[in-house]
Student: 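Below: one structure in structure tokens.
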Amino acid sequence: MVSSNGGGNLNEALLPHGGVDKHDQENARELASRVWIETKKLWQIVGPAIFSRIASFSMNIITQAFAGHLGDVQLASISIANTVIVGFNFGLLLGMASALETLCGQAFGAKRYQMLGIYMQRSWIVLFFCCFLLLPVYVFASPILEWLGQPENVAEETCVVAMWLLPLHFSFAFIFPLQRFLQSQLKNQVIAWVTLAALVINAFTSWVFVYVLDFGVIGAAIALDVSWWFMVFALLGYVLYWCPLTWTGFSVQAFSGLWEFFELSAASGVMLCLENWYYRILILMTGHLKNATLAVDALSICMSINGWEFMIPLAFLAATGVRVANELGAGNGKAAKFATIVSMVQSTIIGLIICLIIVIFHNKFAVIFTSSSDVLEEVDKLSIFLAVTILLNSIQPVLSGVAVGSGWQAMVAYVNLGCYYVIGLPLGFLMGWVFKLGVKGIWGGMIFGGTAVQTVILAIITMKSDWDKEAEKARARVAKWSSPHPDDQPAEPARR
């Protein structure tokens, strides 16, 4: 027999509007509210970041388009200079600047506002010094490219273009830290507007230097230099006049602890550039296949689509890094974990949608780039690899963002090195040449041997993390990297 009291409780539990259901509904409403709040914070970064990255990417496309009307050699020279020479240095310097995402993000969360400006100055010093160390890549571009198999006339023309792109090279030392300094304060709309203005300037100056002044391919390079330095001065002007809490002027503190800062920056650079170089090696390996022209054309189309789409995951990487760093710096380990989950889910959903679009239109999307039936057929064969790459790229950058926000760059650099270059490249070589699967074997081996393994390992590391301990580490890191300052008092958040 069930007592009347017990029966009442049982009935209450079974009723559709009983106490348990009400409690569940309240939990569901609370969860939905938290997700919505976190989504707004996330997209405050993701939205402008996607726009600014696509605009920056488009500047290279505009430059190549203007050069392409000058001749095949000119198109090849500007493309190779941008993709190989500048691309090699871009990846490393961009990665090194990501150290600021850890330090500035955590300091901002801990309300150590004045340290953000000092961190940025340290990053300027370190990256400017590294720009000088990377100069041989530009100076010896011609013999390097000939060694990689490029024709002599293309290699020589590329070297000339690369030398004219040196101002662009040095602009990276300033623009990347400026962007991360503002990004950590959620001032992303400023970056987006400045990048839009730079895109317009790039289109106009390309027309002036290439056609009006008849500077040829060198004019296209100069237009790119002008556009990037415009962004440097525009963002610097905003920082000097509109960031009173986080920019307190130039300080001698920027010259202290430079070696430790260099070590963290180097770890960040290696972590991100290993992946950047990985896909460039894919194209290089494909160029050494028999009848490589068709394979390279098809792969280039796939990589162009992947490059455009990758701007979205890169925006999520930046947003996740900022959100995790801010919450850890404020001592909110559980909030950092929640931000990671929300970012992962939303990025994966977007990746799935784009992946499905590629699968559905597998034999049509390449029409945007070519009318050759042979190339269209080859792209169709590679479409499944592109779809899988896009799906993995919607997950892996979020995990990298967690690593940046948490300060795990050195550990993840070893993971990337092992996955990409110890497992992925040999497997790609094995499947491409030994098993004679061609470009599909190279790409498939590099995807499943490198990217997929890396994603799984980073996911395990993230899931096993003790977020409360990570918050303690963040507070300790802020204390270590901050110097006592008489005016260092908690202040209201910077204007957004």
Side-chain angles (χ1 to χ4, degrees), residues 54 57-58 60-61 64-65 67-69 71-76 78-80 82-84 87 148-151 154 275-276 278-313 350-394 424-452:
I54 290 178
F57 192 83
S58 298
N60 289 332
I61 301 298
Q64 291 179 18
H69 291 285
D72 292 341
V73 174
Q74 288 82 356
L75 174 60
I78 197 75
S79 299
I80 294 171
N82 256 329
T83 304
V84 180
L148 292 174
Q150 293 296 324
V154 173
E275 181 177 359
N276 185 29
Y278 190 60
Y279 287 100
R280 299 181 192 279
I281 292 173
L282 168 62
I283 297 177
L284 187 63
M285 290 173 66
T286 303
H288 287 85
L289 292 170
K290 290 182 179 179
N291 302 319
T293 303
L294 181 62
V296 170
D297 286 344
L299 184 61
S300 297
I301 290 174
C302 291
M303 288 295 104
S304 295
I305 294 172
N306 183 61
W308 280 91
E309 190 279 335
F310 196 56
M311 298 302 107
I312 299 174
I350 293 173
L352 276 171
I353 292 171
I354 299 175
C355 177
L356 288 174
I357 291 173
I358 295 296
V359 171
I360 293 170
F361 298 100
H362 60 93
N363 60 345
K364 296 182 178 66
F365 64 83
V367 175
I368 302 171
F369 298 90
T370 182
S371 56
S372 169
S373 58
D374 290 336
V375 176
L376 289 172
E377 183 179 351
E378 190 68 19
V379 171
D380 185 19
K381 295 176 183 177
L382 295 176
S383 61
I384 187 63
F385 297 97
L386 175 61
V388 173
T389 300
I390 287 173
L391 181 58
L392 288 174
N393 282 346
S394 68
L425 277 182
L427 186 59
F429 178 84
L430 185 68
M431 294 179 67
W433 275 278
V434 177
F435 291 104
K436 302 185 184 302
L437 295 176
V439 63
K440 292 187 289 294
I442 296 173
W443 196 358
M446 293 175 72
I447 289 173
F448 298 108
T451 310

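All values reported here derive from a predicted model rather than from experimental measurement. In what follows, every heavy atom counts, from backbone to side chain, and hydrogens, waters and symmetry copies are set aside.
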Student: Sequence neighbours left out, what passes side-chain contact (heavy atoms from CB on, under 4.5 Å) with L425? Give chain and number order.
Tutor: Y278, I281, M285, Y421, M446
Student: Testing the basics here: between V379 and C302, what is the closest heavy-atom pair and its distance to 0.1 Å?
Tutor: CG1-SG, 4.2 Å
Student: Is the closest side-chain heavy-atom distance between L376 and N363 below 4.5 Å?
Tutor: no
Student: Please round to the nearest 0.5 Å and tell me the distance separating atom CD1 of I305 and atom CD of E309.
Tutor: 10.5 Å
Student: Between I301 and A366, what is the shortest heavy-atom contact and its length?
Tutor: CG2-CB, 4.2 Å
Student: Which atom pair, heavy atoms only, marks the closest approach of G351 to S394?
Tutor: CA-CB, 3.6 Å
Student: Give the table of side-chain donor-acceptor pairs shorter than 3.5 Å for residues 380-390, with sequence neighbours excluded, one pair per line with atom names and distance.
Tutor:
unit_1	atom_1	unit_2	atom_2	d
D380	OD1	H362	ND1	2.5
S383	OG	D380	O	2.8
T389	OG1	F385	O	2.8
T389	OG1	W443	NE1	3.4

Student: Could you tell me which residues satisfy ring-ring contact (aromatic ring centres under 6.0 Å, His included) with F57, sequence neighbours excluded, listed by chain and number?
Tutor: W308
Student: Tell me, do F429 and I442 make a side-chain contact under 4.5 Å, heavy atoms counted?
Tutor: no
Student: If you compare all heavy atoms of A298 against all heavy atoms of E378, which two are closest, and at what distance to 0.1 Å?
Tutor: CB-CG, 3.4 Å
Student: Within this structure, what is the CG-CG distance for the pair N82 and N60, rounded to the nearest 0.5 Å?
Tutor: 4.5 Å
Student: First locate atom CD1 of I358, then atom CG of L391, and finally report the distance between them rounded to the nearest 0.5 Å.
Tutor: 12.0 Å
Student: So, taking the atom named CD1 in I61 and the one named CD1 in I54, what distance separates them when rounded to the nearest 0.5 Å?
Tutor: 11.5 Å
Student: Let me confirm one number: the CE-CG distance from M431 to L437, rounded to the nearest 0.5 Å.
Tutor: 5.5 Å
